[in-house]
Every structure is written in C-alpha cells, then in structure tokens.
Amino acid sequence: MSRDDQRQPHDRRRALRGLLGGAFLALMAMTALPHAALAGEGGGGGQKSEDPEVLRKIKMSPMLLPGRDRFSYVRLQVMLVVRMSKHLNEEVDTVTNLRPRINGELTEALTVDHLARNTLTTADVQALKGRIMEVANEAVGKPMVDEVLIVSLLVG
C-alpha cells in the first residue's frame with residue numbers, strides 16, 4: 001500500500017463533510033430568506049406587505065455622526081413611520097425613494113452636542129425624535145412622516 005492509498009479515505013471523509021456542510025448552509029439560507037421577506041425586513045425598497053402597520057415603517061440606514069471629542073462618534077439608526085391615509089402606498093414609495101436625501105439632510109442637520117453625552121433624558125430623546133421628523137418632512141416636501149422610532153443610538 002502506498003502512502004496515497006492511505007490518505008484517500010481521509011480525504012473522502014473531508015470532502016463529504018465539506019459537501020454536507022455546504023448543503024446545510026444552503027438549506028439554512030433558503031429557509032431564512034422567505035421568513036425575512038414575510039417579516040418585511042428586506043432593507044430595500046418595495047416592501048409589498050398587506051399589513052399596513054408593516055408597510056408604513058421604513059427602516060433608514062445607520063448614520064455615523066461625529067462626536068464632541070476628537071475620536072468620538074454617534075451611531076444613530078431610526079425607522080420612519082408614514083402617516084395613515086388613503087394614498088398610503090404612494091406615500092410609502094415616495095418616502096422610500098427619498099431615503100438617501102432624507103439620510104443626507106439628517107446627517108447635516110443633526111448636531112451631536114446633545115447626543116454626545118452618556119446620559120440622555122426622556123425629554124432629550126423626544127426632542128431628537130421631533131427634530132428627525134421635522135427634517136424628514138422637510139426633505140420629502142410634505143408632512144408624510146407621522147412618527148420616528150429610534151432603533152439604535154450608540155455613543156462611542
């Protein structure tokens with residue numbers, strides 16, 4: 001028996017493990033994708049859900065804002081809630097299509113002096129939400145954003 005004959009069963013097992021592992025990952029990805037699509041979590045536009053509560057929540061991309069100190073920063077991620085109306089689908093599409101503009105104007109408009117503290121009061125958070133709603137409605141051109149939900153706010 002040569003040395004190559006001794007390695008073949010081990011190599012076959014390794015190849016079989018790799019094949020089974022890849023098949024398992026593919027199966028997990030196939031089962032996870034429909035659940036994400038049903039939950040409306042696909043960060044892109046065109047959320048086509050029948051539930052108006054899911055439809056009217058638009059997740060914005062995270063914003064990195066400079067902090068007060070030299071190497072500090074604030075990471076803010078929000079979700080915009082579009083008002084309920086007869087033209088909900090058109091308004092959601094309008095706000096979804098204007099997300100880059102809204103995100104840019106929010107980045108320019110938000111001052112981080114009141115965010116750079118480690119202790120924020122409820123009044124500070126409510127003022128921040130009001131300011132975000134005001135800037136988003138100005139970017140859209142109409143009062144379409146009814147509420148702002150803060151998904152994450154990290155000060156580093």
Side-chain angles (χ1 to χ4, degrees), residues 17-156:
R17 276 191 214 136
L19 182 64
L20 289 175
F24 178 72
L25 289 175
L27 179 65
M28 292 298 291
M30 287 179 5
T31 58
L33 288 176
H35 294 296
L38 287 175
E41 295 174 2
Q47 299 172 346
K48 300 299 180 195
S49 174
E50 298 299 322
D51 184 16
E53 290 300 317
V54 173
L55 178 68
R56 57 190 283 234
K57 293 179 182 173
I58 300 170
K59 190 173 188 180
M60 299 293 289
S61 58
M63 292 175 277
L64 288 175
L65 306 168
R68 194 181 329 184
D69 298 328
R70 183 174 178 184
F71 293 111
S72 64
Y73 66 93
V74 176
R75 182 184 182 273
L76 176 67
Q77 186 173 9
V78 298
M79 196 177 276
L80 303 178
V81 180
V82 178
R83 66 180 176 172
M84 279 300 256
S85 68
K86 292 185 280 186
H87 307 290
L88 179 65
N89 290 334
E90 292 84 19
E91 290 179 355
V92 167
D93 287 340
T94 301
V95 174
T96 301
N97 292 335
L98 291 175
R99 273 193 302 188
R101 179 179 179 178
I102 295 169
N103 204 357
E105 290 194 18
L106 282 174
T107 303
E108 288 179 13
L110 291 178
T111 58
V112 294
D113 288 338
H114 64 281
L115 289 177
R117 296 185 312 227
N118 288 334
T119 57
L120 289 175
T121 64
T122 306
D124 294 336
V125 173
Q126 290 300 326
L128 174 66
K129 288 170 71 172
R131 179 70 177 136
I132 291 171
M133 187 171 63
E134 176 185 318
V135 170
N137 283 329
E138 286 175 6
V140 173
K142 297 178 186 174
M144 291 184 186
V145 177
D146 191 33
E147 188 180 351
V148 174
L149 305 173
I150 295 179
V151 176
S152 70
L153 175 63
L154 300 172
V155 178

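What's counted below: heavy atoms across the whole structure, side chains too, no hydrogens, waters or symmetry copies.
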Take Val125 and Ile150 through the test side chain to side chain contact (heavy atoms under 4.5 Å, CB included) and record every step on the way to the result.
CA-CA 9 Å; Val125 173; Ile150 295 179; 3.8 Å; yes
Take Met60 and Leu80, measure what side chain to side chain contact (heavy atoms under 4.5 Å, CB included) needs, and give me the verdict at the end.
CA-CA 7 Å; Met60 299 293 289; Leu80 303 178; 3.7 Å; yes
Just jot down the salt bridge (Lys or Arg N to Asp or Glu O under 4.0 Å) partners of [X], sequence neighbours excluded, or say none.
X: Glu134; value: Arg131
X: Arg83; value: Glu91
X: Glu105; value: Arg101

If you compare all heavy atoms of Ala109 against all heavy atoms of Val135, which two are closest, and at what distance to 0.1 Å?
CB-CG2, 3.8 Å
Scan residues 141-154 for pairs that pass salt bridge (Lys or Arg N to Asp or Glu O under 4.0 Å), counting only residues two or more places apart or in two chains.
Arg56-Asp146
Could you check whether any side-chain heavy atom of Leu149 comes within less than 4.5 Å of a side-chain heavy atom of Val78, counting everything from C-beta outward?
no
Do Leu65 and Leu110 come within less than 4.5 Å of each other through their side chains, counting heavy atoms only?
yes
Looking at [atom1] of [X] and [atom2] of [Y], how far apart are the two atoms once the value is rounded to the nearest 0.5 Å?
X: Leu88; Y: Leu55; atom1: CG; atom2: CG; result: 5.0 Å
X: Ile132; Y: Ile102; atom1: CD1; atom2: CD1; result: 11.5 Å
X: Met144; Y: Leu98; atom1: CE; atom2: CG; result: 8.0 Å
X: Met63; Y: Leu106; atom1: CE; atom2: CG; result: 5.0 Å

Test your reading of the model: is there a side-chain donor-acceptor pair from Gln77 to the backbone of Leu153, 3.5 Å cut-off?
no
Counting distance only, does the side-chain N/O of Asp124 pair as donor-acceptor with the main-chain N or O of Thr121 below 3.5 Å?
yes
Who are the side chain to side chain donor-acceptor pair (under 3.5 Å) partners of Asn103, not counting sequence neighbours?
Ser61
List the residues meeting side chain to side chain donor-acceptor pair (under 3.5 Å) with Ser152, not counting sequence neighbours, and say none if there are none.
Arg75
Sole candidate of Asn89, Thr96, Thr94 that passes side-chain contact (heavy atoms from CB on, under 4.5 Å) when paired with Val92
Thr96
